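Contents: one structure, followed by commentary.
Basis for what follows: all heavy atoms, side chains included, without hydrogens, waters or symmetry-related copies. Nothing here was measured: the structure is a model prediction, and the numbers come from that model.
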Amino acid sequence: MSMGDCKSMRPEMEGEDDLIAAARNIARALGSKKNLTDGEREILANLGAQLSTMISLSEKKGEKIGDIEDRLNSIQERVMSWEADQSMIWDSGPNESMEYVKAVEEARKFVERLEGLRLNKDDQEYEVLQKAHDVLQTAMARLEEEFKYMLVQNRQPFEPEHMSFRSSEEDIVDGSSIISFGDDSFEDSLQRDSVSRASEEVVIDLVHPDVVPELRGIANLMFNSKYDQECIQAYTSIRRDALDECLYILEVQKLSIEDVLKMEWGCLNSKIRRWVWVMKIFVRVYLPSERWLSDQIFGELGPVYLDCFVEASKPSMLQLMNFGEAMTIGPHQPEKLFRILDMYEVLADLLPDIDGLYVDEAGSSVRIECHEVLMRLGDSVKATFSEFKNAIASNASTNPVAGGGIHPLTRYVMNYLRTLTDYGETLNVLLDDYDEGDSISLSPDTSPTTEEENKSTDTSGRISPMLRHYRSLVSTLECNLDDKSKLYKDASLQHIFLMNNLHYMAQKVKGDELRVLFGDGWIRKCNGKFQQHAMNYQRASWSSILSLLKEEGIQNPGSNSISKTLLKERLRSFYLAFEEIYKSQTTWLIPDLQLREDVQISTSLNVVQAYRTFVGRHSNDISDKLIKYSADDLQNYLLDLFEGSSKSLQNSSRR
């Protein structure tokens, strides 16, 4: 070897020595490190990829381009043979699919190796590279078709047999009667659906598990071949259709906001109840299963599995949220409050699950939409609650309730409040900072006592928002009832009307959860009110007639002797007045049997005792012909009062 050759080799040897030295330094550094930074990982990964390419190229260095082209022709022949075949590759058995995948993988590697040579268009190998690209593109199109076919054909039927939804005609509330507060039938309709916490998360197979490895293999091959977007689009398109079918099975219709706003309440009520039921199944069963499927197929490829899940499920979730949003846009009618609360509670309950499913930036749009719909539902609850109070205050009547009975508004409001207690926790949260645009004032009669305040306060010592608003509503109802009582011309009947309605309110509060909320002090005050009206009734109805049984004014002028003429006139006037009261007040109504009996007994004690005393004192001055009714007769007749059926003493069975 000449001296010149030695000099030319020295730089190469020095370069090789430097490379070996650098490699040894890297090896020593790696041996002393337990953890790598992200930057170090990236550098080492790039170095490994570059080394792999150099080794592959060096291995092929001696390989003739003709040999590569011959092998590529063989691959092309296999790929094109399936293009002419109408059958599906994966339906032809594992051997055929394995051979096809092997051929496509080889074509992919040819493309990768040839691209690594950085060829120019004039290079002989460039034409082979273009051919390899064409073969790979044809194969990718076929793999996409096979991928979609397998997803569709191996879809598992979604039949939530372990869950049931009861929706029958008798469950549908007639909104017209509720809006007008004019139908007693609403008492049964104001029953809350059982909106218990949704089932815990359940994962089911949405695609037959036997084909999942095959689907994963196709996805990996398409991604490695840089056909990731085609694979993602194919997957999300098929799974989006599957999610649409799921909602169809669950009988969820695609409705625009306009469709919802035009819907009759009876139909809308049923659809809200179904929405609540579907949300629990969809979020706790279907979506976790959908995400799991995406993870099984794309999990090896990184975060893309989450993108696929989001893109596939987002339209269905937005469809469900669109219905929720529509419910917040329409008029805030009181009968909608329970259903909107059902929607709010189920969405609030499911929100942690939704946040867990739609994580990171990929799922942010769905998360944000769900949170916004929940907020709007909460605002709708507050607005509807306020509208309910306004409806109570503005409810006007032109005709009084027959017989002074319980007004439908009273029944409606008290049953409404009783049902709302089921949502106490939610209402306390939503009404906490809500004052309906003005300060809520309570009359002294409805203000809580110190003892009740202690029972109805939170840890900070505040009266619960629900209690504050409930008492405001009841105060508004009392004011309205006071106005309605003025529709009766007879003052006695005004008191019977108010007594009936206040007694009904007290009984409703006394009998169930409202007692805990209002407290015994409120009940005592309400009892005092209706008892006062009962006493006022006694005065208004019987004071004038009982005055006829007093001693004053029946003596002869200038003498202490009794005037029989005046005595006869007093008795005649008493009987006429009694008969008139009997005729009118038998048509009056006290629905509560115990209250009716109490008023009858109280009246009887006053009237019968006064009559018996008067007749007994003047027994020597009154002939039997003047006695039209005995004291026992009067006592029996008084038991006919307040039964709501017209009677007169002329046709009474006791005559």
With the threshold set at 4.0 Å, does a side-chain nitrogen-carboxylate oxygen contact exist between K254 and D244? yes
For residues T613 and Q609, is any side-chain donor paired with an opposing acceptor at under 3.5 Å? yes
Sorted by first residue and then second, give each salt bridge (Lys or Arg N to Asp or Glu O under 4.0 Å) pair with at least one member in residues 313-325; sequence neighbours left out. E325-R376
Sorted by chain and number, sequence neighbours left out, ring-ring contact (aromatic ring centres under 6.0 Å, His included) with H332 holds for none
Do R291 side-chain atoms and F309 backbone N/O form a donor-acceptor pair below 3.5 Å? no
Under the side-chain contact (heavy atoms from CB on, under 4.5 Å) criterion, do I272 and D342 qualify, and how do the steps go? CA-CA 9 Å; I272 294 172; D342 287 340; 5.5 Å; no
Determine whether V283 and I354 make a side-chain contact, defined as any pair of heavy atoms from C-beta on separated by less than 4.5 Å. yes
Between S541 and S492, is there a side-chain donor-acceptor contact under 3.5 Å, judged purely by atom types and distance? yes
The reported gap from CG in N395 to OG1 in T476 (rounded to nearest 0.5 angstrom) is 12.0 Å
Say whether E643 and T586, considering side chains only, have a donor N or O and an acceptor N or O under 3.5 Å apart. no
Step by step, work out the ring-ring contact (aromatic ring centres under 6.0 Å, His included) result for F530 and Y504. CA-CA 10 Å; F530 79 72; Y504 180 86; over 10 Å; no
Check P334 against T384 and note the closest heavy-atom contact, atom names and distance. CA-CG2, 4.0 Å
Residue list, ring-ring contact (aromatic ring centres under 6.0 Å, His included) with Y470, at least two apart or on another chain: none
Could you tell me whether the side chain of W275 reaches within less than 4.5 Å of the side chain of L320, counting heavy atoms only? yes
Does V509 reach the side chain of M505, with side-chain heavy atoms less than 4.5 Å apart? no
When you compare the side chain of Y423 with that of V381, does any pair of heavy atoms fall below 4.5 Å? no
Can you check whether E580's main-chain N or O pairs, donor with acceptor, with S584's side chain at less than 3.5 Å? yes
Is any side-chain N of the basic residue among D353 and R284 closer than 4.0 Å to the acidic one's carboxylate O? yes
Search all heavy atoms of W265 against all heavy atoms of K336 and return the closest pair with its distance. CZ3-CG, 3.5 Å
Straight-line distance of Q333 CD to L268 CG, nearest 0.5 Å: 9.5 Å
Between S464 and N428, which heavy-atom pair has the shortest distance, and what is it? CB-OD1, 3.7 Å
Salt bridge (Lys or Arg N to Asp or Glu O under 4.0 Å): pairs with one or both residues in residues 586-614, sequence neighbours excluded: R612-D632
For E251, give me all partners under salt bridge (charged side-chain N to carboxylate O under 4.0 Å, His left out), at least two apart in sequence or on another chain. R274
So, for P591 and N500, which heavy atoms are closest and what is the spacing to 0.1 Å? CD-OD1, 3.6 Å
Those residues at least two apart in sequence (or on a different chain) that pass salt bridge (charged side-chain N to carboxylate O under 4.0 Å, His left out) with D490 are none
Test item: S602 side-chain N/O and V599 main-chain N/O as donor-acceptor pair under 3.5 Å: no
Can you tell me how far the CG atom of L247 sits from the CD1 atom of I281, to the nearest 0.5 Å? 11.0 Å
Exam field: side chain S475 to backbone S472, donor-acceptor pair closer than 3.5 Å: no
Could you check whether E290 and S313, counting side-chain N and O atoms only, form a donor-acceptor pair closer than 3.5 Å? no
Do you know the tightest heavy-atom contact between P352 and A348? CD-O, 3.6 Å
Passes side-chain contact (heavy atoms from CB on, under 4.5 Å), V413 versus F388? Steps please. CA-CA 9 Å; V413 170; F388 177 50; 4.1 Å; yes
Spacing of CG belonging to L417 relative to CG belonging to L473, to within rounding of 0.5 Å: 5.5 Å
Passes ring-ring contact (aromatic ring centres under 6.0 Å, His included), F578 versus Y611? Steps please. CA-CA 11 Å; F578 184 87; Y611 179 75; 8.2 Å; no
K489: partners by salt bridge (charged side-chain N to carboxylate O under 4.0 Å, His left out), with sequence neighbours left out: none
Side chains of V401 and P408, heavy atoms from C-beta outward: is any pair under 4.5 Å? yes
Are R418 and N415 close enough, and set up right, to give a side-chain contact (heavy atoms from CB on, under 4.5 Å), and what steps lead you there? CA-CA 5 Å; R418 183 183 63 183; N415 283 287; 2.7 Å; yes
More than 12 heavy atoms of other residues, nucleotides or ligands under 6.0 Å from CD of Q532: yes or no? yes
Check against ring-ring contact (aromatic ring centres under 6.0 Å, His included), H495 and Y537: CA-CA 6 Å; H495 293 300; Y537 153 76; 8.4 Å; no
Would you please name every residue forming a ring-ring contact (aromatic ring centres under 6.0 Å, His included) with Y286, sequence neighbours left out? F158, F282
Does the side chain of D482 come within less than 4.5 Å of S485's, by heavy atoms? yes
To the nearest 0.5 Å, what is the distance between CE on M499 and CD on Q531? 10.5 Å
With ring-ring contact (aromatic ring centres under 6.0 Å, His included) as the rule and sequence neighbours excluded, what pairs involving residues 472-494 come up? Y488-F497
Flag, side chain of D432 to backbone of P465, donor-acceptor distance under 3.5 Å: no
Could you check whether any side-chain heavy atom of Q253 comes within less than 4.5 Å of a side-chain heavy atom of D259, counting everything from C-beta outward? no
Verdict with supporting geometry, H407 and N480, side-chain contact (heavy atoms from CB on, under 4.5 Å): CA-CA 11 Å; H407 199 281; N480 187 288; over 6 Å; no
With sequence neighbours left out, what residues match N501 under side-chain hydrogen bond (donor to acceptor under 3.5 Å, both in side chains)? T410
So, taking the atom named CD1 in I406 and the one named CE in M414, what distance separates them when rounded to the nearest 0.5 Å? 11.0 Å
All heavy atoms of S289 vs all of V203, minimum pair found to be OG-CA, 3.4 Å
Applying salt bridge (charged side-chain N to carboxylate O under 4.0 Å, His left out), name anything that partners K510, two or more places apart in sequence or on another chain. none
May I ask you to test the Q600-Q635 pair for a side-chain heavy-atom distance under 4.5 Å? no
Please list all pairs passing the ring-ring contact (aromatic ring centres under 6.0 Å, His included) test where one or both residues lie in residues 586-607, with sequence neighbours left out. none
Using distance alone, with no hydrogens and no angle criterion, decide if N536 and R539 have a side-chain donor and acceptor under 3.5 Å apart. yes
